[in-house]
There are 2 protein chains.
Amino acid sequence: MPDSAEKSSRTPISWDPIPRSRAHELVLDAIEEQVTAGRLAVGDLLPPERELASQLQVSRASVREAIRILESQGALQSQVGSGRSAGTRVTALPSEGLTRLLRMHIGLSNFPLDDVAEARIALERASAMLAAQQAEEPQLAEIDQALETMERSSTVEEFNEADTAFHVAIAEAAGNRLVADLTTAIRSSLKQTILEAFHSHGTPSEVQITLQEQHHRIHAAIREQDPQRSAELVEEHIRFAMETLPMGGHGEC
Amino acid sequence: MPDSAEKSSRTPISWDPIPRSRAHELVLDAIEEQVTAGRLAVGDLLPPERELASQLQVSRASVREAIRILESQGALQSQVGSGRSAGTRVTALPSEGLTRLLRMHIGLSNFPLDDVAEARIALERASAMLAAQQAEEPQLAEIDQALETMERSSTVEEFNEADTAFHVAIAEAAGNRLVADLTTAIRSSLKQTILEAFHSHGTPSEVQITLQEQHHRIHAAIREQDPQRSAELVEEHIRFAMETLPMGGHGEC
DNA sequence: GCGTGGCGTGTGGTCTGACCATTGGAGGCT
DNA sequence: AGCCTCCAATGGTCAGACCACACGCCACGC
């Protein structure tokens with residue numbers, strides 16, 4: 001319409017770039033669309049790579065790139081071979097994907113450690129409350145076990161490993177999949193950072209003793225089914241740990 | 001040692017599979033290692049794909065697969081061309097990566113919606129508290145804006161969009177990067193689900209009115225710098241929304 | 001009949017090379 | 001100095017070849 005183009009010549013015309021969709025993103029979108037439409041569920045098999053490439057009219061490399069992304073998210077899993085186990089199948093394994101994503105960004109100092117602590121507090125308060133409200137024996141036994149392992153640990157490596165397991169066990173005992181996975185992902189992504197902080201610290205044994213006392217109190221509150229107390233103790237514990245252990249060896253001073 | 005093999009013949013020997021590392025995972029590990037060691041930071045340029053492939057002695061396709069994964073996580077960004085803008089650069093854009101990961105798993109019903117609600121409550125309580133404690137005017141104006149947009153919305157699509165923006169604005173006002181990104185990711189990944197619930201609901205206007213009243217009260221509590229009240233109101237609001245709107249059209253009856 | 005081994009096929013994993021599109025940067029000309 | 005052209009570097013995509021894996025089927029021996 002040359003007429004309207006002339007009428008609007010007083011306001012500058014903005015020529016926006018037309019985004020080009022990358023082939024692998026088109027594949028990603030296509031798979032996501034199938035999921036959203038309910039046509040793909042956990043356990044389902046995707047078409048073979050070569051077939052999917054043919055159907056979507058892209059190269060097999062582009063299909064593979066999309067599949068890699070979804071594998072890293074824990075939504076797909078590929079298996080070579082023939083027969084029932086072969087191919088690319090929809091899975092439900094978000095935890096490691098979350099962990100790796102968060103660990104990368106924490107490693108890049110993209111989340112200030114104070115921010116991470118607050119997020120932990122929010123999530124782990126919820127975990128502890130829910131665990132105190134509704135955990136049953138096999139899950140409580142896992143918490144016991146982690147506490148026991150910390151008791152017997154002789155190196156900070158062992159302590160740290162069991163410390164992580166303790167927090168993960170509480171998160172699992174919360175009976176809330178998303179809270180558990182987020183809690184696990186954050187705590188796991190911090191494992192190395194916390195270990196380094198232990199090594200930097202002058203008197204690790206004192207700190208470990210205090211941390212372990214706090215663990216015992218948290219454990220007792222959960223055992224006594226006191227949600228409020230559990231939540232408060234977890235918060236206190238995380239704040240103490242974050243204030244006491246010098247974290248952020250690089251990029252955070 | 002045939003001698004010791006004979007001695008231990010009483011206990012069955014377990015032949016464990018030797019895991020083969022996939023080429024793209026080796027590349028991923030190599031990049032993560034550089035980050036952990038502090039040798040890669042936001043803004044840094046990676047070697048060109050062909051060079052990285054040569055250095056790591058893998059194919060360029062494997063390098064690309066690893067880069068795709070890290071791109072989807074918001075840790076890398078690639079740009080064609082020559083000169084300063086070209087190549088693959090380290091970025092700090094976790095939010096969309098989190099959103100897509102969570103949206104995929106929510107789409108696959110891998111997280112029960114009750115679980116998602118509890119996680120939202122944990123995070124959004126924290127967001128609201130922090131916002132009430134420390135938000136300043138430009139951020140508060142964003143919250144105002146979203147509330148205003150909801151007030152003027154004439155379709156549930158518009159309402160939903162502004163509703164999401166309201167929650168995101170509070171999360172941003174919390175001043176906590178990780179809490180904000182997690183909150184945003186979860187709320188964003190639910191946008192479609194909530195919209196469908198609005199459509200399924202018999203009398204949308206009533207519900208919208210109640211939701212909007214709740215939004216106003218949350219907004220007021222934040223403005224009055226009352227963290228406890230803000231947190232309680234957010235929790236009440238999310239519980240009301242989750243109980244009132246019929247979610248889980250597929251796979252969650 | 002049962003167990004074992006060999007073969008064939010389908011699938012993902014990896015590599016190579018060719019080509020394309022994009023995006024400066026350098027050099028030459030006015 | 002400004003503009004234009006050319007070139008090179010970089011990521012994007014594709015195709016094809018080959019490899020490794022993992023069954024399933026069939027034949028053979030006991």
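Letters A, B, ... are given to chains in the order of the sequence lines, protein chains preceding strands, and every chain is numbered from 1.
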Which of the following nucleotides, [options], is nearest to the side chain of [X]?
| X | options | value |
| --- | --- | --- |
| A:Ala23 | D:dG24, C:dT23, D:dT13 | D:dT13 |
| A:Ser62 | D:dC23, D:dC14, C:dT22 | D:dC14 |
| B:Val58 | C:dG13, C:dC15, D:dG12 | C:dC15 |
| B:Ser78 | D:dG12, C:dT14, D:dC23 | D:dG12 |
| B:Thr88 | C:dT16, C:dG12, D:dG11 | D:dG11 |

[N] base / [X] side chain donor-acceptor hit below 3.5 Å:
| X | N | result |
| --- | --- | --- |
| B:Arg60 | C:dG17 | no |
| B:Ser82 | C:dT23 | yes |
| B:Arg50 | D:dG11 | yes |

salt_bridge([X], [Y]) N-O dist < 4.0 Å:
| X | Y | value |
| --- | --- | --- |
| A:Arg68 | A:Glu71 | yes |
| A:Lys191 | A:Asp163 | no |
| A:Arg100 | B:Glu32 | yes |
| A:Glu172 | A:Arg177 | yes |

What's the [atom1]-[atom2] distance between [X] and [N], to the nearest Å?
| X | N | atom1 | atom2 | value |
| --- | --- | --- | --- | --- |
| B:Glu65 | D:dG12 | CD | P | 14 Å |
| A:Glu49 | D:dA20 | CD | C1' | 14 Å |
| B:Glu51 | D:dT10 | CD | P | 8 Å |
| B:Arg64 | C:dC15 | CZ | P | 14 Å |
| B:Ile69 | C:dG13 | CD1 | C1' | 14 Å |
| A:Leu56 | D:dT13 | CG | P | 14 Å |
| B:Ile67 | D:dG11 | CD1 | C1' | 9 Å |
| A:Leu76 | C:dG12 | CG | P | 11 Å |

Categorize [X] for me: base, sugar-phosphate, or nothing, with a 4.0 angstrom heavy-atom threshold over every strand shown.
| X | answer |
| --- | --- |
| B:Arg89 | nothing |
| B:Arg84 | sugar-phosphate |
| B:Gly81 | base |

Open item on the list: Between B:Ala86 and A:Val80, which residue's closest nucleotide on DNA chain D lies nearer the 5′ terminus?
Closed with: B:Ala86
Task: Donor-acceptor contact present, side-chain A:His105 to main-chain B:Gln73, <3.5 Å - done: yes
